[in-house]
Amino acid sequence: MTDVSEPTDDELDDSQSLDDHPLTRDRVAKYRKVMEGGGFPYSFERTATAQDLVDRFPDIAPGEATGETVTVAGRLKNTRVMGKLIFAPVSDLSGTLQLFVDVQTLGEEGFEAFLELDAGDWLGATGEVIATKRGELSVKVSSFQLLQKSLRPLPDKWHGLKDVEERSRRRYVDLMANDDARNVAIARTTIISELRRQFELRGYIEVETPILLPEATGATARPFATHHNALDIDMQLRIATELYLKRLVVGGLERVFEIGRIFRNEGVDSSHNPEFTMLESYEAFADYTDIMTLVEDVFAACATAANDSTDVELDGRWLSLAAPFARITMLDAVRDRTGLDIDYDTDISVLRAAAGDHGVQPEDHWGSGKVVEALFDAAVESTIWEPTFVTEHPIEVSPLSRAHRSKPHVTERFELFIAGSEYANAFSELNDPFDQRERFEAQAAMKAAGDDEAHPVDDDYIRALEYGLPPTGGLGIGVDRLVMLLTGKTHIREVILFPTMRPH
RNA sequence: GGGCCUGUAGCUCCAACGGUAGAGCAGCGGACUUUUAAUCCGAAGCGUGUGGGUUCGAGUCCCACCGGGCCCA
């Protein structure tokens, strides 16, 4: 019989075990020794990054000594000890540089201290910039300082950290072990900066609208629910920024955009995370065709910013983000793809039967517009490869977009599809308060009929429209998907630093 | 929600028919004054996600649970 209450495992699951585990106890002992000797520094002044060295000494010859002294800082990746010599790669944000340590320069005592360092430690070092006999640009260390000790071992220096769960849960390890993780994180920032720049160039102003709302509006999606204690009211996290941004255009801000976190209470898969980033923009006096041009320009600019090219490789195939993108109406796309001779006036029973043939199970409250959209989703969406504006969505499924100026049944709307996924959604904004109220009421009827994703009525938004929303072109871009596209990633968790995961 | 796959040392991975768990890297000890995943020598380290079951014997088979992946709704 064993006493089950006795802790028996010595895994590195918690900090208590660090003292006991063979891979960490020496590190902990060294850590404590530093603390007893006065502790670690609070700051450190470096004079060069790894990239600076490459930039400043591009033509250094093997064996050359520059006579220039720099101070660098970073994480120690490895120590290659060669008796009285040490080669030690150190990485900082800009890249990796090599420290060259020899006894003559650093002295007996310093050399011994350097040998005490462990992979993962943060250190600062000062020394002359040299090239080794093999020509590797290096800092010949004359002094160094341990900035903070790493108590836990680094992942495999060659294979890095591969397990996707571990990489996602412990992104800090992923980032220190895998260059690709770091590159994607930086690419994301580059892309978002470029998005911001593109809109600012066009005179848009960036705004912030509420995340915490009495009722989430602006899209058809299930919200997260929460509660405000002081006000004692139930609240929801936003599922879009749409109606608030349009309120600002009513107020006269004319061109606004927001890059913000959106929350939708839905499943997790390769292209969905419960919280994700969306860019929405609204431009007074523009219509949806103006927004198509905007999207073409913005996507090309982001691709160029990220990759210096508008050609993109995804899953081993190439596509081009150079303008112009193809354009096709939703109805034509469905007709072309299915061969069905249908339109919005086709008898609903015929449409439903056609939908059934394509694996769609129409619900009783669906009209022709909803059926056509379902057919598009089922038969067309995944077949689109090159960037394509799919236009003129049915009124029935577009409660916030303006009816088409000359065609019945449809709206002035488009979605951009690339490689089988939606990247943008835009329309000439519905600015008729009477029409908007009717659309909301139609949605309310669908909700009553059992569609729990139907758009709720927003009376204050109607009120805003009653003050007058100018003709406006609006746009939403899925930022995470754009980053996926431009970094060649096929799973959204690869472009979100901390994707939503079930707690361990 | 359904189907298939998966969890082994800090990391990356092996382990015929069920036969009592190995390697590389990291770590530890040693050699080495120009390495680039340094090299060489030596000694160690896991009882296989958790809990049951079948069996003389279970990473290997069965069940449940906890995570994860892929595909589908």
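Worth knowing before you read on, the calculation uses all heavy atoms, side chains too, and leaves out hydrogens, waters and symmetry mates. Chain identifiers are assigned alphabetically (A, B, ...) following the order of the sequence lines, protein sequences preceding nucleic acid strands; residue numbering begins at 1 within each chain.
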Exercise. Between A:F100 and A:F87, is the ring centre distance below 6.0 Å?
Worked result: yes

Problem set entry | Residue mapping more 5' on RNA chain B - nearest nucleotide basis, A:D26 or A:S138 | A:D26

For this session: Compute the centroid of each ring, for A:F144 and then for A:F114, and state whether the two points are separated by less than 6.0 Å.
Result: yes

Problem set entry | Side-chain donor/acceptor of A:Q104 to base of B:rU33, under 3.5 Å | yes

Seminar exercise, completed: Closest to the side chain of A:H21, out of B:rG10, B:rG67, B:rC70, is B:rG10

Problem set entry | Donor-acceptor contact below 3.5 Å, side chain A:T132 vs main chain A:E136 | yes

Output one line per pair: protein atom, nucleotide atom from nucleotides 37-40 of chain B, and distance, for all N/O pairs under 3.5 Å.
| unit_1 | atom_1 | unit_2 | atom_2 | d |
| --- | --- | --- | --- | --- |
| B:rA37 | O3' | A:K157 | NZ | 3.3 |
| B:rA38 | OP1 | A:N78 | ND2 | 2.8 |
| B:rA38 | OP1 | A:K157 | NZ | 2.4 |
| B:rA38 | OP2 | A:N78 | ND2 | 2.8 |
| B:rA38 | OP2 | A:R80 | NH1 | 2.5 |
| B:rA38 | N6 | A:V81 | O | 2.9 |

Seminar exercise, completed: With the side chain defined as heavy atoms from C-beta on, A:L85 is closest, among B:rG10, B:rC28, B:rU34, to B:rU34

Problem set entry | Of the listed nucleotides B:rC11, B:rG68, B:rU34, the one nearest the side chain of A:R169 | B:rG68

Exercise. What nucleotide, of B:rG10, B:rU33, B:rU34, holds the atom closest to the side chain of A:K84?
Worked result: B:rU33

Exercise. Considering only B:rG27, B:rU36, B:rU34, which nucleotide approaches the side chain of A:L23 most closely?
Worked result: B:rG27

For this session: May I ask you to verify if any side-chain N or O of A:R502 is less than 4.0 angstrom from the OP1 or OP2 atom of B:rG68?
Result: yes

